[in-house]
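Worksheet: the structure to be examined is printed underneath.
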Amino acid sequence: MAEPNTPFPLTASRSEQIFPKLTSAQIARVATHGRTRTVRSGEVLVEQGDRATPFFVVISGELEGVRPTGTTETLLAIVRAGQFTGEIDVLSGRGAMARTRARQDGEIIELGREGFLNLVQTDAELSEILMRAFILRRVELLAQGIGDATVVGSIHSADTLRIKEFFTRNGHPYTYIDLERDADVQSLLDQLHVSVAETPVVICRGETVLRNPTNREIASCLGFNEAVEGTRVHDLVIVGAGPAGLASAVYGASEGLDVLVVETYSPGGQASSSSRIENYLGFPTGISGNELAARAYTQAQKFGAQMLLTTGTRLSCDRKPYEVELEDGTRIPARAIVIATGAKYSKLPIENLSRFEGAGIYYAATFVEAQLCSGEEVIVVGGGNSAGQAAVFLAQSTKHVHMLVRGPGLTDTMSKYLIRRIEQTPNLSLLIHTEVVSLKGVDHLQGVTWQNTKSGKTEEKNIAHVFVMTGANPNTGWLNGCVVLDNKGFIKTGLDLSSKELTGAHWPLTRRPYLLESSVPGIFAAGDVRGGNVKRVASAVGEGSIAISFVHQILRE
Ligand SMILES: Cc1cc2nc3c(=O)[nH]c(=O)nc-3n(C[C@H](O)[C@H](O)[C@H](O)COP(=O)(O)OP(=O)(O)OC[C@H]3O[C@@H](n4cnc5c(N)ncnc54)[C@H](O)[C@@H]3O)c2cc1C
């Protein structure tokens with residue numbers, strides 16, 4: 001094995017926070033949660049890919065973190081007396097990013113995952129130091145593209161973009177090699193026996209080569225789910241890790257519940273597609289949906305919540321414990337369930353739509369969006385009340401609002417008062433039987449073509465802002481008829497459930513459903529998936545956390 005080179009350059013201003021030195025009093029407190037042991041120079045303490053990696057504090061001697069690549073190693077860090085190892089994977093229990101080895105004989109404190117979680121949950125001072133260091137270490141790995149996966153692809157390929165997004169949204173560092181830009185790429189492909197036509201490829205830990213893999217194949221290759229023991233009965237299973245599900249996970253786990261989250265794609269849900277959430281309490285300069293989700297997910301893990309990256313495909317609710325069936329057929333039993341599977345905004349069937357989402361295509365019309373298009377022409381698509389409200393609101397600050405509806409008018413789909421307001425607004429025009437058919441632009445939307453579906457006539461406009469208000473479809477298809485839904489497919493809860501509906505659903509208790517409780521006792525709905533919910537990050541977070549107080553009550557019943 002070649003000698004490792006010098007450590008990769010850390011952002012200098014942060015290196016003290018990334019590798020802080022604990023005081024002797026702090027080290028003594030860590031020691032009460034683990035055991036003290038000796039190490040010999042060259043001893044490997046953690047191998048790359050190991051699950052449930054321990055946490056080490058160096059008392060004497062030195063440890064090193066290295067990234068193995070074939071027969072060579074890259075030195076990532078040297079951990080000296082008073083410093084500690086680890087990063088986010090200690091919390092998640094997922095495969096270790098690096099190999100940890102003793103550089104010298106010495107003495108260390110070793111904590112298993114349970115001991116580590118106990119420490120960060122009970123010692124506020126150490127929790128702050130350790131969690132900050134872990135998060136910054138992960139940020140550094142992400143920024144420098146140092147991880148246990150390599151993606152080889154092209155910037156022009158949609159699958160490459162999908163794979164890169166999957167890694168990014170899951171906060172998983174990876175190295176990216178571009179077919180068009182990196183000189184040595186052909187020799188790497190030859191070595192792997194991969195042709196350009198088979199790209200993008202993902203190389204897991206320098207060993208397994210996946211040709212244009214699905215997200216599920218990547219998760220399985222990197223062992224995202226292996227640390228989770230899914231099949232025992234959990235206090236609470238949360239399906240969906242958008243803002244509502246993450247809030248339930250943080251509150252549930254911090255209040256002592258055994259929590260498992262099931263999420264198809266990545267933590268964050270729809271909020272992850274927002275580049276800057278400006279209206280979430282406490283973030284006056286805004287926060288990206290991804291960052292909010294990453295913080296919430298780390299917080300949930302700190303309290304012991306676990307997450308399976310897979311899809312809930314069926315709910316069984318005829319007897320307790322209830323069961324969530326996963327796409328591979330595994331059944332996860334639970335005493336209580338929070339359904340937080342959100343909704344998908346109906347999108348325009350246009351090929352390059354996703355390129356402009358958040359950059360000219362919007363699904364909300366708040367003051368934030370209104371400021372982006374002040375004094376300009378805008379388009380509102382949709383004929384329902386949300387479209388009407390958006391159109392009237394935007395007309396106050398924009399030059400002109402073109403309202404496009406597919407049908408013959410608004411009378412069947414919109415409240416009368418809104419129709420009147422639309423008629424009385426001079427800078428608002430209604431185009432019936434009209435659809436957007438194409439979008440153009442580079443980084444931001446620059447032009448829109450619409451078409452009259454009756455005459456076939458098209459019109460091209462230099463308009464840079466389109467508000468899509470064509471409704472949202474709830475992700476409730478997997479619920480297997482378990483809970484009562486409203487006429488749009490959203491879950492009915494609490495007082496919205498009529499006595500007739502409860503009788504029809506064989507509600508077995510003398511009490512009525514709690515707030516956020518569905519027509520099945522102990523199965524709750526929170527966030528966008530719930531009928532009557534206000535479709536905002538803050539309300540999803542609020543509902544996710546409120547649901548937990550009722551989960552405690554039903555666990556006592
Ligand atoms: C582009 C965009 C910008 C937005 N901007 C703002 C904003 O600035 N401010 C604001 O307040 N709100 C904003 N919103 C609205 C806000 O994001 C949502 O109201 C909020 O995310 C709802 O949270 P949720 O947890 O209920 O559902 P979601 O965010 O929809 O999350 C649901 C999660 O469940 C997962 N899931 C679905 N089905 C399954 C299944 N069967 N098994 C496992 N997992 C499943 C999904 O993958 C997803 O991660 C925006 C929405 C969009 C689309």
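Ligands are counted one by one from 1 in listed order, and the atoms in each one are counted from 1 as well.
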Next item on the list: Any chance you could measure I88, atom CD1, to F134, atom CZ, to the nearest 0.5 Å?
Entry: 7.5 Å
Next item on the list: Give a yes/no verdict on whether any heavy atom in E263 is under 4.0 Å from an atom of ligand 1.
Entry: yes
Checklist line | N or O pair under 3.5 Å between T264 and ligand 1 | finding: yes
Next item on the list: Report the part of S539 (side chain from C-beta onward, or backbone N, CA, C, O) that has a heavy atom under 4.0 Å from ligand 1; answer both or neither where that applies.
Entry: neither
Check: N/O to N/O below 3.5 Å, does that happen between T310 and ligand 1?
Finding: no
Note to self: I need the atoms of ligand 1 closer than 4.0 Å to a non-hydrogen atom of G269, numbered in the order shown.
What the structure shows: 29 (O), 31 (O), 48 (C), 49 (O)
Note to self: What I want to know is whether V537 and ligand 1 share at least one N or O pair that is separated by under 3.5 angstrom.
What the structure shows: yes
Checklist line | Close side-chain approach of R421 and Q389, heavy atoms under 4.5 Å | finding: no
Checklist line | Under 3.5 Å: N/O of P243 near N/O of ligand 1 | finding: yes
Check: What atoms in ligand 1 come closer than 4.0 Å to a heavy atom of W478?
Finding: 41 (N)
Note to self: Would you call the rings of F224 and H172 parallel, tilted or perpendicular, taking 30° and 60° as the class edges?
What the structure shows: tilted
Notebook entry, point to check: Is there a donor-acceptor contact under 3.5 Å from the side chain of R138 to the main chain of G171?
Noted result: yes
Notebook entry, point to check: Do K492 and E501 meet the salt-bridge criterion of a basic N to acidic O distance under 4.0 Å?
Noted result: yes
Item checked: N or O contact, Q270 vs ligand 1, cut-off under 3.5 Å -> yes
Notebook entry, point to check: Counting each atom of ligand 1 from 1 as listed, which ones have a heavy atom of A340 under 4.0 Å away?
Noted result: 32 (C), 33 (C), 34 (O)
Margin query: Need the ligand 1 atom indices (1-based, order shown) with element for anything under 4.0 Å from a heavy-atom of V239.
Written below: 42 (N), 43 (C)
Margin query: Only heavy atoms of A343, strictly under 4.0 Å: list the atoms of ligand 1 that pass.
Written below: 30 (O)
Margin query: Please list, in number order, the atoms of ligand 1 under 4.0 Å from a heavy atom of K535.
Written below: 15 (C), 19 (O)
Margin query: Do the side chains of R335 and D235 get close enough for a salt bridge, i.e. N-O under 4.0 angstrom?
Written below: yes
Next item on the list: Classify the angle between the aromatic ring planes of Y176 and Y174 as parallel (below 30°), tilted (30 to 60°) or perpendicular (above 60°).
Entry: perpendicular
Next item on the list: Measure from NZ or CZ of K535 to the centre of the six-membered ring of F490, then state whether that distance is under 6.0 Å and the direction lies within 45° of the axis.
Entry: yes
Item checked: Part of T313 within contact of ligand 1 (heavy atoms, under 4.0 Å) -> neither
Item checked: Contacting atoms of ligand 1, where contact means under 4.0 angstrom from a heavy atom of G527 -> 26 (O)
Next item on the list: Compute whether any side-chain donor of one residue and acceptor of the other, for D258 and H234, lie under 3.5 angstrom apart.
Entry: yes
Note to self: For ligand 1, which is the ligand I care about here, please tell me if A244 has any N or O atom under 3.5 Å from one of the ligand's N or O atoms.
What the structure shows: yes
Next item on the list: Give a yes or no on whether the backbone of L439 and the side-chain of N352 come within a donor-acceptor separation of less than 3.5 Å.
Entry: yes
Notebook entry, point to check: ligand 1 and G312, any nitrogen or oxygen pair closer than 3.5 angstrom?
Noted result: yes
Note to self: Heavy atoms only, cut-off 4.0 Å: how does N475 contact ligand 1, side chain, backbone, both, or neither?
What the structure shows: side chain
Next item on the list: Please work out whether any backbone atom (N, CA, C, O) or any side-chain heavy atom from C-beta onward of N279 is under 4.0 Å from ligand 1, and answer side chain, backbone, both or neither.
Entry: side chain
Note to self: Under a 4.0 Å threshold between the charged nitrogen and the carboxylate oxygen, would R331 count as salt-bridged to E323?
What the structure shows: yes
Next item on the list: Test L479 against I491 for side-chain contact (heavy atoms from CB on, under 4.5 Å), laying out the working first.
Entry: CA-CA 10 Å; L479 293 175; I491 300 172; 3.7 Å; yes
Check: Taking the minimum heavy-atom distance to atom 37 (C) of ligand 1, which of D528, V261, T341 ranks first?
Finding: T341
